[in-house]
Structure formats: C-alpha cells, structure tokens
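Beneath this line is the structure, given in structure tokens, with notes to follow.
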There are 2 protein chains.
Amino acid sequence: MINRHSFVPIYVQIAQTIVQTVQADGLTYGEQLPSERDLAEQHQVSRLTARQAIDELVKRGVAYRVQGKGTFLARPQIRQASGLMSFSDELLQRGFQPSSKIILHQRVDASKSVAQRFQIAAGDPVLQLNRVRLANGQPVAVEYASLNLHLLPNLDQEDFEGQSLFAVIRGRYNVYPAWAEAEMEARLATDAECKWLDIPTGQAVLVAHRLTFTEAFELIEAVDSVYPGDRFPIYIGRQRILTELDEKA
Amino acid sequence: MINRHSFVPIYVQIAQTIVQTVQADGLTYGEQLPSERDLAEQHQVSRLTARQAIDELVKRGVAYRVQGKGTFLARPQIRQASGLMSFSDELLQRGFQPSSKIILHQRVDASKSVAQRFQIAAGDPVLQLNRVRLANGQPVAVEYASLNLHLLPNLDQEDFEGQSLFAVIRGRYNVYPAWAEAEMEARLATDAECKWLDIPTGQAVLVAHRLTFTEAFELIEAVDSVYPGDRFPIYIGRQRILTELDEKA
DNA sequence: CATCGCTGCTGGTCTAGTCCACTTGACAAC
DNA sequence: GTTGTCAAGTGGACTAGACCAGCAGCGATG
C-alpha cells in the first residue's frame with residue numbers, strides 16, 4: 001500500500017487509497033470513512049499524517065468531518081470539471097473531442113490596462129491568442145486570451161491548433177496554474193461571434209473574464225471566454241464559503 | 001496578544017494578528033511574512049501551531065508559500081465578496097443599501113426534481129421565495145429561491161423585506177452555509193423580468209443556478225438569480241485549481 | 001419508565017521534537 | 001572572474017505522544 005521511499009508524500013498516498021477504496025466498495029453520500037486513529041494504525045503512521053490525508057479530501061469537498069461522530073462522504077458534485085479550468089480538459093472529461101480554430105495569433109504591445117494586470121511595462125510584448133473552441137467539430141466558445149510572455153518566453157512559436165494550451169504551459173515551461181479568478185456577465189453576441197459560433201443574431205452570450213495565476217500569483221493569462229448562453233452552461237465548481245477571520249469571537 | 005484561555009483556537013488568533021499587522025504596516029503584494037519558526041517563538045507556541053495559522057491565510061488566498069524562501073503576501077483579489085455568497089452582504093460591502101421586493105412567498109409542494117435535490121419526499125413542503133433585489137432602491141437582480149423547510153422549520157413566518165435571509169438562517173436556526181455550487185448561463189430576459197428590472201425587452205441576462213449547503217452537505221437553498229447582463233458583473237471569487245490526487249506520481 | 005451519568009468513541013487542538021528539500025549568499029579554490 | 005562548496009535559513013513531511021470537546025450507547029438510579 002504505502003511506499004515510504006516514494007517522492008509522493010505518505011499523506012497523499014493514503015488519500016489516494018481512500019478514494020480508491022471508496023470507489024471499489026461503492027460507498028456513497030453520507031457513509032462513514034475510517035477514523036483518523038484507525039487510518040493511522042492501519043498504515044503505521046502517526047495520527048497527524050492520517051489527518052493530513054483526510055484534509056486533502058475535505059479540501060476537495062469529497063468528505064466532511066463532524067466532531068464526535070466521524071468523517072463522512074460528501075454529496076457528489078454536479079460535475080467534475082470546472083468552468084474556471086482548462087477548456088480542453090473539461091471537454092475531454094465530458095467525452096467530447098476538443099479542437100480549436102485560430103482567429104488571431106500574434107505578439108502585441110501591452111496596453112496600459114493589460115500591462116498593469118500582468119505587472120509589466122506598457123508596450124512590453126504580450127501574446128494575443130483568439131480562438132474558436134470546438135467540441136466534436138461543433139463551435140462552443142470564442143476565447144480572447146492574453147498570455148504573459150515574460151513567464152512563457154517564445155510561447156508564440158508553439159502550435160495551438162493541435163494541443164492544449166495548458167498542456168504546453170505545464171509541460172514545456174513547468175508553469176502550473178494554481179489560482180483562478182473570474183467575473184461573469186451576459187450580453188448579446190456580436191456579429192462576428194454569431195458567425196463563429198453559428199448562432200442567430202440577437203442571441204445572449206455568457207462572457208467570463210478570467211485571470212489565471214501561478215502559485216506565487218504571477219498572472220499567466222487573462223481570458224475573455226464567450227459562450228452561447230444556453231448551449232453550454234458553465235459550472236463554477238464547488239466552493240467553500242469562508243467566514244471572516246474575525247467572526248466567532 | 002494571544003489568549004490561551006479563549007475559546008478561539010490559538011492558531012486563529014495568530015492568523016488574525018498577522019492580518020492586523022499586515023494592515024497596520026501597510027504591507028503589499030509580494031512582501032515577506034515572518035517565518036514559521038519566528039512566529040512560533042514570538043507567540044511561544046509550537047511550530048505546528050504557527051504553521052496552522054499561516055495555513056488559514058493560504059487557504060483564503062491571502063498568502064502563499066515558497067519552499068526554501070518563505071511566505072509572502074498574495075496579490076489582492078479583484079473584489080472581496082463573491083457572487084456565490086449572500087447578496088445582502090456583498091452589497092453592504094460594496095457600499096450599497098440592499099433591500100427586497102417580494103414577488104412570491106409561499107409554501108409549495110416539492111416537485112419531483114426539487115425533492116430529489118433536497119433529499120426529501122416529493123410533495124413535501126418547500127418555501128418558494130421570489131424577490132426583486134434592490135441596491136439603493138435600484139433593481140439589480142431577480143431571485144427565485146427554494147428553501148429547505150426540513151432544515152429551517154417555520155421559516156415561512158419570517159419577514160424578508162427588512163432583513164437578510166442568511167442573517168436569519170445563521171442567527172435564528174444556527175445553520176451555517178459552508179459550501180456553494182453554481183452553474184451559469186445567459187439568456188434573454190422574460191417580459192416579467194424586464195418589468196421588474198426596469199430594462200428594455202430583448203436584453204441579455206445572466207442566470208446563476210446556485211446550490212448552498214451546510215458543512216454536512218444538507219441543501220439549504222436552491223436559487224436561480226437573474227442579473228441584467230451588463231449592469232452588474234458577477235464575481236466568482238478566487239479559487240484554487242486542484243490537481244488530481246493521482247497526478248505527480 | 002424516564003433520566004442522569006459514565007464510558008468509549010469521534011474529531012479539534014497542541015507540544016516538542018526530527019529529518020528532508022530547497023534557496024540564498026558567502027567564501028574558497030581554481 | 002568563474003565555479004564549486006558549504007552553511008544558514010526557509011517551508012514540507014513526519015513522529016509519538018497529550019488533553020479537550022462533542023456524540024452515542026448503556027446501565028444504574030430515581
């Protein structure tokens with residue numbers, strides 16, 4: 001079960017085995033997981049390590065704790081993937097074949113507002129990448145992306161028709177998206193968008209203004225995604241509602 | 001500084017003092033916070049406790065760690081409040097005076113699909129509460145809410161024109177919203193919505209289908225919020241992008 | 001029969017350490 | 001000057017305990 005000489009921390013390994021066990025045993029919402037003390041003894045680790053494993057599951061919204069009673073499986077999420085994450089990954093998970101048609105792909109000088117977001121000088125080059133996103137050949141979104149060439153030098157020489165942008169960012173540059181932030185609004189589709197998305201004029205579209213950061217909050221990309229309103233509802237994911245630090249006094 | 005006999009855990013107290021210190025000293029994005037060992041010695045606690053304090057800040061996206069270097073302040077969020085949280089709270093934070101006009105307020109028998117969401121029997125009573133939400137007297141949203149009367153008995157006898165729904169839920173019932181999940185779409189406003197929101201016909205609106213859960217994933221409410229597309233962009237909050245548990249092998 | 005209290009379980013918090021991985025800067029050797 | 005090495009400081013992982021707080025079941029006591 002547990003490999004003490006692996007680079008993967010023990011608590012992650014334990015979290016993985018719990019997930020596997022849950023799937024194998026067909027456990028569902030509300031059922032109880034092993035106690036922290038049981039897990040510790042089972043895997044011959046200290047209780048804190050077992051607790052860290054369960055922390056991982058709680059962080060993901062897979063399980064929840066009740067003091068005095070135990071740890072239980074959470075209600076499953078509506079969907080796995082999030083509208084805030086990689087478009088390609090989400091489509092793959094949902095069983096579609098993602099692809100792209102590039103509308104624009106060029107270095108541009110950063111405008112003042114873009115430069116401020118990227119924390120670079122105005123006029124510094126930024127990669128502008130506008131794409132129509134397709135699922136099984138059907139257009140499902142238009143994306144207007146600005147990418148940080150300081151963080152991703154020579155990114156403009158990559159090919160994005162064939163491969164996922166995030167895959168390139170992770171694989172070639174070892175840059176890992178860790179945080180995302182978004183604002184949403186609705187508006188009517190522009191004429192160009194109607195053509196790209198193959199929708200009638202006057203239709204409502206959902207626009208997501210998304211920022212993606214590294215662990216250290218360097219801005220990787222700023223994207224405006226335009227979705228036809230009804231064809232593709234966007235799942236925001238499961239989020240913990242944080243109480244203020246100074247409440248509960 | 002630290003009160004060892006308070007009911008508030010020491011690590012929370014330390015997290016609070018860090019936030020206060022940061023504000024008092026005017027520290028900004030990128031500046032370094034005290035090391036875990038420093039914090040531990042400063043407050044005369046073990047290193048784990050100091051670490052837990054920083055964990056709180058990292059969980060909130062206030063700080064981030066870099067192994068071998070230290071802990072640093074994160075880039076501030078676009079906005080504080082989230083479109084997934086309490087409408088009233090968000091408006092208050094942004095300096096508006098929230099109010100409501102009730103369109104519908106009655107017990108209804110749960111339809112099959114609603115009952116399934118709430119995990120109750122079909123036909124069991126649910127509180128349907130439809131409101132026009134106002135900011136400084138201006139209509140900014142229409143909300144169609146279904147509330148769980150099993151969790152919140154006799155909620156239908158409360159007054160919601162004057163007070164925040166979440167305030168009642170927290171104060172009177174001791175039910176704390178802990179998780180939220182949402183899907184978003186865009187469509188054209190209905191005639192009734194145009195009247196309520198005082199917008200021209202044919203305008204695009206943003207629709208958020210939101211579920212709010214307790215810590216134990218009991219469904220508190222299911223809400224469809226309709227926002228005029230451009231008047232009020234919805235902030236989704238800052239979210240961690242989770243890597244799969246079985247990656248990084 | 002109802003109730004109170006005990007006991008044994010759970011998670012929540014905390015201690016005082018250990019060793020490892022990584023970053024940085026200083027300093028010595030080339 | 002460049003390069004390599006070493007030490008100090010950082011967060012990451014882990015141990016082996018401790019006590020507290022909340023829940024549930026059981027049994028004795030009224």
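Letters go in sequence order (proteins before strands), and every chain restarts at 1.
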* Asked: At what distance, to the nearest 0.5 angstrom, does OH of Tyr235(A) lie from CD of Glu183(B)?
  -> 8.0 Å
* **Contact interval (first through last nucleotide) of DNA chain D with protein chain A, 4.0 Å heavy-atom** => dA13(D) to dA24(D)
* Can you tell me if the side-chain N/O atoms of Tyr11(B) get under 4.0 Å from OP1 or OP2 in dC14(C)? -> no
* Structure fact -> Closest to the 5' end of DNA chain D, once Asp38(B) and Thr49(A) are matched to their nearest nucleotides, is Asp38(B)
* **Crowding at CD, Gln32(A) (>12 non-hydrogen neighbours, <6.0 Å)** => yes
* With the threshold set at 4.0 Å, does a side-chain nitrogen-carboxylate oxygen contact exist between Arg65(A) and Glu36(A)? -> yes
* If you look at every strand shown and take non-hydrogen atoms under 4.0 Å, does Ile10(B) touch a base, only sugar-phosphate, or nothing? -> sugar-phosphate
* Asked: Please give, in whole Å, the distance from dG12(C) C1' to Gln13(B) CD?
  -> 15 Å
* Spacing of Thr214(B) atom OG1 and Asn174(B) atom CG [to the nearest 0.5 Å] -> 12.5 Å
With a cut-off of 3.5 Å and sequence neighbours excluded, list every side-chain donor-acceptor pair involving residues 144-153 of chain B.
residue   : atom : partner   : partner atom : Å
Tyr144(B) : OH   : Glu193(B) : OE2          : 2.8
Ser146(B) : OG   : Gln128(B) : OE1          : 3.0
Asn148(B) : OD1  : His150(B) : N            : 2.9
Asn148(B) : OD1  : Leu151(B) : N            : 3.3
Asn148(B) : ND2  : Leu219(B) : O            : 2.9
His150(B) : NE2  : Asp124(B) : OD2          : 3.2

* Asked: Quick one: CD1 on Ile78(B) to CD on Glu181(A), what's the gap to the nearest 0.5 Å?
  -> 4.0 Å
* Could you tell me the separation between the NE2 atom of His43(B) and the P atom of dC14(C), rounded to a whole number of Å? => 13 Å
* Quick one: CD1 on Ile2(B) to NE2 on His43(B), what's the gap to the nearest 0.5 Å? -> 4.5 Å
* Expressed in angstrom and rounded to an integer, what is the separation of Tyr64(A) atom OH from dG11(C) atom P? -> 13 Å
* So, for Phe217(A) and Tyr64(B), is the gap between ring centers shorter than 6.0 Å? -> yes
* Cationic N near anionic O, under 4.0 Å, Glu221(A) to Arg117(A) -> no
* Structure fact -> Assign each of Ser35(B) and Gln44(A) the nucleotide of DNA chain D bearing its closest heavy atom; nearer the 5' end lies the nucleotide of Ser35(B)
* Asked: What is the per-nucleotide protein-contact pattern of nucleotides 17-25 of chain C, from the 5' end, where B denotes a base atom under 4.0 Å from a protein heavy atom, S denotes such proximity for sugar-phosphate atoms only, and - denotes neither?
  -> -B--BBSS-
* Asked: Which whole-number value in Å describes the distance from Glu36(B) CD to dC14(C) P?
  -> 15 Å
